[in-house]
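Reviewing the structure listed below.
Everything quoted here is computed from the prediction, not taken from an experiment. Throughout, residue positions are numbered sequentially from 1 according to the sequence presented.
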Amino acid sequence: MEDLETTAAYRKVTAHLRAWHEPAFGRPHALREPHVTRDGERVVVTGAVLDDLTGLPRTAVYTAVNGELRAVSAGRGSARGARFSPDGSRLAFLADRREPGVSQLHLLPDGGLGEARPAPEVPGTVEYAHWSPDGTAILLGVAGLGAELSGGQGSGTNSKRKTEKPSWFPVVEDGTDAGAWRSLWVYTPATDTLKRLSPEGLNCWEAGWCGPDQVVVISSEEPGEDAWYTARLRLIRADGGVRELLSSTVQLGLPAGSPDGAQVAVVEAVCSDRWLVAGDLLLIDPATGEVQRIDTGGTDVTQVEWLDADRLGYLGQRRLDSVAGIVADGKAREVFTTELSCSGGSFYAHGAFTSDGRVLTVQDSYELPPQLVLEGESGREVLASVAHPGTGYLNSVGGRAETVTWTAPDGLEIDGILCRPTGDGPFPLVVNIHGGPIWSFQNSWSMRYPWVPLLVVQGYAVLSPNPRGSSGRGQEFAGHVVGDMGGADTHDYLSGIDALVERGVVDGARVGLIGGSYGGFMSSWLVTQDSRFAAAVPMSPVTDWYSQGFTSNISAWGNRFLDADPETAGSRAHTRSPVLHASKVRTPCLNVAGALDRCTPPGQAREFHQALLAHGVCPRCW
């Protein structure tokens, strides 16, 4: 067999990636987690940095000075999640300087450039840090080493704990892993002391301050990833007392209390991954329990931040647009709406607010490299950009993106983004299927995936659809996929392909599929339902809902979303499993899996691979 590195395809892909990334080696090529002082005078952002094409990027915290991005601290390892204190005088961020992958709190006391001081270490890794409203304390969300990661975080666990046991020693699981829990701690800079806030037996998924002496938290009584889907909103006092504020039939996320503690904001949404929350904005009076649902004009809210005791900033998505707004007196007012993505390379719109209502975001599009933007009703200022000769190269060869819509067989209008080479076509097509299923594409730099412009360079059009179940269209639209995964959404994809063929854009005889997680399931499922596809690349798929129900760490979620009982013969756990339809497949499939994936275990890809082999289909399994 020919060595991979000697193939023409390998050389071509490597040359493309080098032309794109090499001019920015050692500099940030992507930006996320923007933050700004209340007066808008200083900003910070996390930058992802490549030093070579091999390995994962490291991250560092940058500030924008005269249009340039400058690192705020020179320590080794990766740094991220920087936040200014309320008065802007100090900067807190997370860094893994002692042990790779294990983040601890660091502070720059004067808020300027220089070397940071580490805070006392917590027993685990810090996932987020929030200053108290009065700036006297920092709330730390701490995950024990070995805690599970959500699908949106990459699945698996956050760290492989060291062990003195020999390699042959059996792994024992008894459901009581002490390292799996998430807890809350409070650090007081003035005394350099650390204190645990959350009680034992309460798993704290995410939290925020609610006044200066209590926090609001999304929590459950179990630490396993499946427990998040039924987690509740609770209030924890400084003395450790806990009181429940809200439960829901769907999911809750993004908790934030007002600086005076008189109001609590939370987002309620049907979700498929923790920390991928896009839905309805609720305001709760913690004294009475009264709940107010805010009308955000059709925007699915993806982040909230209190500007002061009376004003709540929010960001979100409406169809393909990014939206920022402010809620005051129970009414929402939009600050801006843009066709650009404000997700900063993550899944949903994210940003930070100044006291006068401006919003700092990372904005990009398929043809616009990420840039740091401060925007408000008075105007828009670009503070910095990652543009460099490599991004210029990509723009010169990566074609263009356009919004397309079509009508599904039941009359529902579906959106998508089509990236295509120059010229008239018809082009061969690759359908790029997002995960979730509750997530969505926006017009973003490289569509978040390097293979999209790479395929366009090779002459392919790439369609990134937002079928029913996608966010940005309200909770009814998102809920259409619940209980029907692989049902009506199947035809959202097929009708989109048909529409592009009818418009003369796509060659219907040359269509392929690629997708991860739920996109991996749908890539596997579609080839069992339609024989038109020339090739498919299911990544981290679910292909057997029966075995998924007994091997995944989110099996209860899967059964609920599928509305299936694996013990019941003929349920959707059987009828919607691609492995049980493998005899219909005529499409070569490259099945890709992550060896440490807990949400969609690697056995799922192996099962489909084996099923295709059994029926004489030409597959490959990586």
Side-chain angles (χ1 to χ4, degrees), residues 1-25 29-30 50-57 366-367 369 388-401 418-433 445-464 497 500 505-516 519-520 523-524 527 532-541 585-595 605 608-609 612-613 616-622:
M1 181 179 291
E2 188 177 14
D3 182 71
L4 174 64
E5 295 189 10
T6 66
T7 64
Y10 179 89
R11 293 195 299 271
K12 183 184 293 186
V13 171
T14 301
H16 166 77
L17 293 175
R18 284 204 173 275
W20 177 1
H21 290 296
E22 196 167 49
F25 280 173
H29 73 272
L50 285 170
D51 297 308
D52 201 344
L53 290 182
T54 58
L56 295 173
Y366 185 72
E367 298 165 50
H388 55 83
T391 61
Y393 156 76
L394 193 66
N395 275 335
S396 70
V397 299
R400 58 189 176 88
L418 181 69
C419 301
R420 54 186 287 187
T422 56
D424 297 327
F427 304 104
L429 176 72
V430 174
V431 183
N432 182 35
I433 306 174
W445 180 244
S446 78
M447 293 304 295
R448 294 190 75 252
Y449 296 112
W451 60 73
V452 174
L454 175 63
L455 286 166
V456 175
V457 169
Q458 305 305 316
Y460 292 86
V462 180
L463 175 64
S464 300
I497 298 168
L500 294 179
V505 178
V506 164
D507 180 352
R510 295 187 293 167
V511 179
L513 305 166
I514 189 170
S523 298
S524 305
V527 300
R532 76 176 78 187
F533 300 107
V537 184
M539 300 180 296
S540 302
V585 178
R586 300 295 179 268
T587 301
C589 296
L590 174 62
N591 297 287
V592 182
F608 199 49
H609 172 73
L612 295 176
L613 282 177
V617 182
C618 176
R620 295 187 68 181
C621 190
W622 283 11

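A pairwise comparison of heavy atoms in P421 and F427 identifies O-CZ, 3.7 Å as the closest pair. For the pair F533 and T587, the tightest heavy-atom approach, listed with the atom from each and the gap, is O-OG1, 2.9 Å. For Y366 against N395, the heavy-atom pair with the smallest separation is O-OD1, 4.1 Å. Of all heavy-atom pairs spanning V456 and G398, the tightest one is CG1-O, 3.2 Å. In this structure, D51 and F25 approach most closely via the heavy-atom pair O-CD1, 3.7 Å. The heavy-atom pair separating L500 from L418 by the smallest distance is CD1-CD1, 4.0 Å.
R586 is linked by a side chain to side chain contact (heavy atoms under 4.5 Å, CB included) to nothing, counting only residues two or more places apart in sequence or in another chain. By the side chain to side chain contact (heavy atoms under 4.5 Å, CB included) test, P23 is found to be paired with H388, P389, residues two or more places apart in sequence or in another chain being considered. Scored by the side chain to side chain contact (heavy atoms under 4.5 Å, CB included) test, S523 finds I433, L513, P538 as partners (sequence neighbours excluded). Listed by chain and number, the residues in a ring pair (Phe, Tyr, Trp, His ring centres under 6.0 Å) with H21 are H29 (sequence neighbours excluded). Partners of D507 according to the side chain to side chain donor-acceptor pair (under 3.5 Å) rule, which considers only residues two or more places apart in sequence or in another chain, are R510. Every salt bridge (charged side-chain N to carboxylate O under 4.0 Å, His left out) that E22 has, sequence neighbours left out, goes to R18. In terms of the ring pair (Phe, Tyr, Trp, His ring centres under 6.0 Å) criterion, residue partners of Y393 (sequence neighbours excluded) are, by chain and number, H16.
Once rounded to the nearest 0.5 Å, the distance linking SG of C419 with CG of L455 reads 10.0 Å.
At distances below 3.5 Å, at least one donor-acceptor pair connects side-chain atoms of E367 with backbone N or O atoms of A401.
Within the structure, side chain to side chain donor-acceptor pair (under 3.5 Å) pairs that include any residue of residues 446-464 comprise N432-W451, N432-S464 (at least two apart or interchain).
Side-chain contact between F608 and P541 is absent, with no heavy-atom pair separated by less than 4.5 Å.
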